[in-house]
Amino acid sequence: MIRKTQQGKVVSDVIEHAGRPLTPLEVHELASQKIPRLGIATTYRHLRKLTEGQQVVGVDYPGQPPRYEWADGKDKVHFACRSCDKLFALEDTTGDNPPAKAPKGFKVQGFEVMLYGICPQCEQG
Ligand SMILES: [Zn+2]
């Protein structure tokens, strides 16, 4: 029998080692490989806990469920595959430079970069 604390650990491990933002369903699928009877509600509960504890951050992708990725404190550039809808975390080459300049009077507090295209798996298939 797997204890609750271990479930949380498995869920956080899945996100930490995924290397890309995962939907709650993907997290559930991967965590279920280690905890066969993990419930989806339990997965959501652990996701919420991890987000509240700021170990995990949500990544918004318009028109889709939020993804979750490990919060390592670095800004991320994301790549969205238009074929399989997966998100990938890319190295941030923008540094602290926003891709656009805000007009006078606007105070920029952060920015997010999303690239769109076809991932290598889809390109091959
Ligand atoms: Zn793809």
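Numbering of ligands and ligand atoms starts at 1, following listing order. Computed from a predicted structure; not experimentally measured.
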Worksheet entry | Distance in Å, L30 CG paired with D13 CG, rounded so as to fall on 0.5 Å steps | 11.5 Å
Discussion item. Any non-hydrogen side-chain atom of T42 less than 4.5 Å from a side-chain atom of Q7?
Written reply: yes
Worksheet, complete the sentence: Hits for salt bridge (charged side-chain N to carboxylate O under 4.0 Å, His left out) against E26, two or more places apart or cross-chain, chain-then-number order -> R20
Practice prompt. Measure the shortest side-chain to side-chain distance between C119 and S83 over non-hydrogen atoms and say whether it is less than 4.5 angstrom.
Written response: no
Worksheet item: Under 4.5 Å between any side-chain heavy atoms of D85 and Q64, yes or no?
Response: yes
Worksheet, complete the sentence: d(L22 CG, Y68 OH) to nearest 0.5 Å is 11.5 Å
Worksheet entry | Sub-2.8 Å protein N, O or S atoms surrounding the Zn ion (ligand 1) | C81 SG, C84 SG, C119 SG, C122 SG
